[in-house]
Amino acid sequence: MTQEHPRTPGSGASADPARPAPRGRRELPVRDLHARITDWFADAARDLPWREPGCSPWGILVSEVMLQQTPVVRVLPVWREWLERWPSPAHLAAEPAGAAVRHWGRLGYPRRALRLHAAASAMVARHDGEVPRTYEELLALPGVGTYTAAAVAAFAFGRRETVVDTNIRRVHARLFGGTALPAPALTAAETRRAVDLLPEDDALSVRWNAAVMELGAVVCTARSPLCDACPVLDACAWVAAGRPAPDYVPKGQAWAGTDRQVRGAIVAVLRDAHAPVPRSVLLEAPVDLALGTGAVEVAGGAPGTLSALHGLRAPLEQLERALAGLMADGLAEETDGGIRLPA
DNA sequence: AAAACGTGGAG
DNA sequence: TCTCCAAGTTT
């Protein structure tokens, strides 16, 4: 998702992360580190529904998948609706996959909804309708990768797992590495460091994982960190080094004119239609897309119509390619009446 | 291993 | 306005 790209160094000439920490930094025993950050968490943790004691493992799994690349505030309402509608894997598995996609709304990456549905079916088939308790079993579920498997094992089942997400990576990079950002991609050294840092005690390890993640999410943020509120400010290698700028700039994802934009527009139409949409309508005829920011703000065609997409460089071809991609992914199906979400 | 895969709020 | 980027996974 990110890529190295040379950039002018920040103001600090002391940006070399390899050199010893300047005199301002305090070396903190790992025990104290655990205590500082988990104590901070005990006080500062946000009240999130999937953190409540009564939340089911299924609720936690759903939250973790929804939170992949997606901000908490946007997940909240969708998560509530899902859990009310589908309180267990069996409830979701009993519905067509298209229902999962439809109720995913505009969360983004709708294939996650599809995979959650497939995961629910797998849990019914292989785990008696329960969320499995081990990292290995979790990892085998569709849409569950190393982060999500570790997070669910830890947060739903209290297991001692090494959880590494983007927040944790950033906190570690600053606190120990002295850099503004972690490497573009997860490195073996980072994983090793996370393993080494994990408290021995099961219960403490769970709190530690949640606490470091929370610290990265609300204090040690990517853009403008709130260092004044940081419980380990005096131990931070990055602060001690004068908060040097990142040595690369994360590569943003292109959006305008991409297949992803077109796929998003098509899925939006299918999601809001409650009957199959004729291919011709989907590709050419005016349709009220009611889309959000820039989704169809492209040159050519009447605004607010799918035909507006023909203003793209490879208009019709691109539409057909995008549609084919959606069908290949299982996000769309062709029937007699036209295209629809999967049944 | 690089690239694809959505979305909308914030700076 | 426009770029950045938010609890990643898959191929």
Side-chain angles (χ1 to χ4, degrees), chain A residues 1-5 45-46 48-51 60-79 101 104-116 118-119 138-156 161 163-171 180-187 209-218 220-225 246 248-256 258-268 270-271 289-297 321-322 325-326 328-331:
Chain A
M1 187 171 80
T2 58
Q3 181 180 90
E4 50 229 299
H5 185 292
R46 290 167 294 177
L48 300 173
W50 45 85
R51 283 180 177 165
I60 291 171
L61 172 58
V62 170
S63 79
E64 291 299 345
V65 173
M66 288 185 173
L67 286 163
Q68 291 168 5
Q69 304 286 282
T70 309
V72 167
V73 284
R74 293 232 305 283
V75 166
L76 245 15
V78 182
W79 183 87
V101 175
W104 195 251
R106 307 186 63 77
L107 261 194
Y109 294 143
R111 52 174 53 173
R112 291 182 292 168
L114 221 45
R115 290 178 176 147
L116 220 24
L138 286 160
L139 190 60
L141 296 173
V144 175
T146 55
Y147 160 75
T148 302
V152 172
F155 304 141
E161 303 285 349
V163 177
V164 181
D165 79 324
T166 188
N167 292 125
I168 291 176
R169 294 185 62 214
R170 187 174 52 251
V171 170
L181 297 175
L186 180 64
T187 65
N209 282 324
V212 178
M213 211 180 312
E214 185 79 346
L215 186 64
V218 306
C220 196
T221 57
R223 214 80 64 94
S224 24
Y248 70 95
V249 287
K251 182 175 186 168
Q253 298 179 349
W255 171 249
T258 63
D259 283 7
R260 279 163 62 213
Q261 181 186 30
V262 178
R263 287 169 57 111
I266 293 173
V267 171
L270 300 182
R271 186 198 305 130
L289 293 177
L291 292 177
T293 313
V296 288
E297 287 302 315
R321 181 174 65 241
L326 288 171
D329 288 348
L331 278 164

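Lettering of chains follows the sequences in order, A, B, ..., and the numbering in each one begins at 1.
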J.: Could you state the atom-to-atom distance from CD of Glu64(A) to C1' of dT9(C) in whole Å?
T.: 14 Å
J.: How many whole angstroms separate atom CG of Asp329(A) from atom C1' of dA4(B)?
T.: 10 Å
J.: Send over the distance from Gln261(A) CD to dC2(C) C1', rounded to a whole Å.
T.: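 Interatomic distance, CD of Gln261(A) to C1' of dC2(C): 15 Å.
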J.: Between dT10(C), dC5(C), dC5(B), spot the one nearest the side chain of Arg260(A), thanks.
T.: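 Nearest to the side chain of Arg260(A) among the choices is dC5(B).
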J.: Please report the closest heavy-atom contact between Val78(A) and Arg74(A), naming both atoms and the distance.
T.: CG2-O, 3.8 Å
J.: Mind checking if Ser224(A) touches a base, just sugar-phosphate, or nothing, with heavy atoms under 4.0 Å?
T.: nothing
J.: Would you classify Arg271(A) as touching base, sugar-phosphate or nothing, given that sugar-phosphate means primed atoms plus P, OP1 and OP2, and contacts are heavy atoms under 4.0 Å?
T.: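 Sugar-phosphate only.
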J.: My understanding is that only residues two or more places apart in sequence, or in another chain, count here; which of them pass side-chain contact (heavy atoms from CB on, under 4.5 Å) with Pro77(A)?
T.: none
J.: Considering only the P atoms, how many Å lie between dA3(B) and dA7(C), rounded to the nearest integer?
T.: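 Looking at atom P only, dA3(B) and dA7(C) are 23 Å apart.
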J.: May I ask you to say what Arg111(A) touches in the nucleic acid, namely base, sugar-phosphate or nothing, with a heavy-atom cut-off under 4.0 Å?
T.: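 Sugar-phosphate contact only - Arg111(A) comes under 4.0 Å of backbone atoms but never of a base.
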J.: Would you indicate what Ser63(A) reaches in the nucleic acid, counting non-hydrogen atoms under 4.0 angstrom: base, sugar-phosphate, or nothing?
T.: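 The residue Ser63(A) makes no contact with any strand.
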J.: Within the structure shown, what part of the strands sits under 4.0 Å from Arg74(A) by heavy-atom distance: base, sugar-phosphate, or nothing?
T.: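 Arg74(A): base contact, heavy atoms under 4.0 Å.
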J.: For Gln69(A) and Arg112(A), which I'm curious about, is there any donor-acceptor pair between the side chains at under 3.5 Å?
T.: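 Result is no, nothing qualifies.
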J.: Could you tell me whether Ala222(A) contacts a base, only the sugar-phosphate backbone, or nothing, with contacts defined as non-hydrogen atoms closer than 4.0 Å?
T.: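 Contact class for Ala222(A): sugar-phosphate only.
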J.: Quick one: on DNA chain B, does Val73(A) or Pro110(A) contact a more 5' nucleotide (nearest heavy atom)?
T.: Pro110(A)
J.: Rounding to a whole Å, what distance do you find between Leu67(A):CG and dG6(B):P?
T.: 18 Å
J.: Measure from CG on Leu186(A) to C1' on dA2(B) and round the result to the nearest Å.
T.: 16 Å
J.: NA contact type, Trp50(A), heavy-atom cut-off 4.0 Å: base, sugar-phosphate, or nothing?
T.: base
J.: With distance as the sole criterion, do the side chain of Arg106(A) and the base of dT7(B) form a donor-acceptor contact below 3.5 Å?
T.: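 Absent.
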J.: Can you give me the closest heavy-atom contact between Ile168(A) and Asn209(A), atom names plus distance?
T.: CD1-O, 3.9 Å
J.: Side chain of Arg170(A) only, please: which of dG8(C), dA6(C), dT7(B) is the nearest?
T.: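 Closest of the options to the side chain of Arg170(A): dA6(C).
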J.: Contact class for Arg223(A) vs. all strands (heavy atom < 4.0 Å): base, sugar-phosphate, or nothing?
T.: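 Base: the residue Arg223(A), judged by heavy atoms under 4.0 Å, touches a nucleobase.
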J.: From C-beta outward on Trp255(A), which listed nucleotide comes closest to its side chain: dT9(C), dA7(C), dT7(B)?
T.: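 Nearest to the side-chain atoms of Trp255(A), counting from C-beta on, is dT7(B).
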J.: Counting any heavy atom closer than 4.0 Å, what does Val267(A) reach on the DNA or RNA strands: base, sugar-phosphate only, or nothing?
T.: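 Answer is nothing: Val267(A) stays at 4.0 Å or more from every strand.
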J.: Any donor and acceptor pair, going by atom type alone, linking the side chain of Ser63(A) with main-chain N or O of Leu61(A) inside 3.5 Å?
T.: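 Pair absent, no side-chain N/O of Ser63(A) close to backbone of Leu61(A).
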J.: For Met213(A) and dA6(C), give me the distance from atom CE to atom P, rounded to whole Å.
T.: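 Going from Met213(A) (CE) to dA6(C) (P), I get 14 Å.
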J.: Does any donor-acceptor pair link the side chain of Thr70(A) with the base of dG6(B) at a separation under 3.5 Å?
T.: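 Yes, the side chain and the base share a sub-3.5 Å donor-acceptor pair.
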J.: Please figure out whether Pro142(A) or Asp165(A) has its closest DNA chain C nucleotide nearer the 5' end.
T.: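 Between the two, 5'-proximity favours Asp165(A).
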J.: Within the structure, does a side-chain N or O atom of Arg263(A) lie under 4.0 Å from either OP1 or OP2 of dG6(B)?
T.: yes
J.: List in chain and number order the residues that pass salt bridge (Lys or Arg N to Asp or Glu O under 4.0 Å) with Arg263(A), two or more places apart in sequence or in another chain; answer none if no residue qualifies.
T.: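 Result, salt bridge (Lys or Arg N to Asp or Glu O under 4.0 Å) vs Arg263(A): Asp329(A).
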J.: Just to be sure I understand the rule, does Leu107(A) reach a base, reach only the sugar-phosphate, or reach nothing, if contact means heavy atoms closer than 4.0 Å?
T.: base
J.: With heavy atoms under 4.0 Å as the rule, sort Gly108(A) into base, sugar-phosphate or nothing.
T.: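 The answer is base, as Gly108(A) lies within the cut-off (heavy atoms under 4.0 Å) of a base atom.
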J.: Starting at CD of Gln69(A) and ending at C1' of dT7(B), how long is that distance when rounded to a whole Å?
T.: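 Computing the Gln69(A):CD to dT7(B):C1' distance gives 11 Å.
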J.: Mapping Leu181(A) and Gln68(A) onto DNA chain C by nearest heavy atom, which one lands closer to the 5' end?
T.: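 Nearest-nucleotide comparison on DNA chain C picks Leu181(A).
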J.: Rounded to the Å, how far apart are Leu331(A) CG and dT10(C) P?
T.: 14 Å
J.: Measuring only between side-chain heavy atoms, which start at C-beta, is Trp50(A) closer than 4.5 Å to Val75(A)?
T.: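 Answer yes - side chains close enough.
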J.: Give one of base, sugar-phosphate or nothing for Leu326(A), where a contact means two heavy atoms less than 4.0 Å apart.
T.: nothing
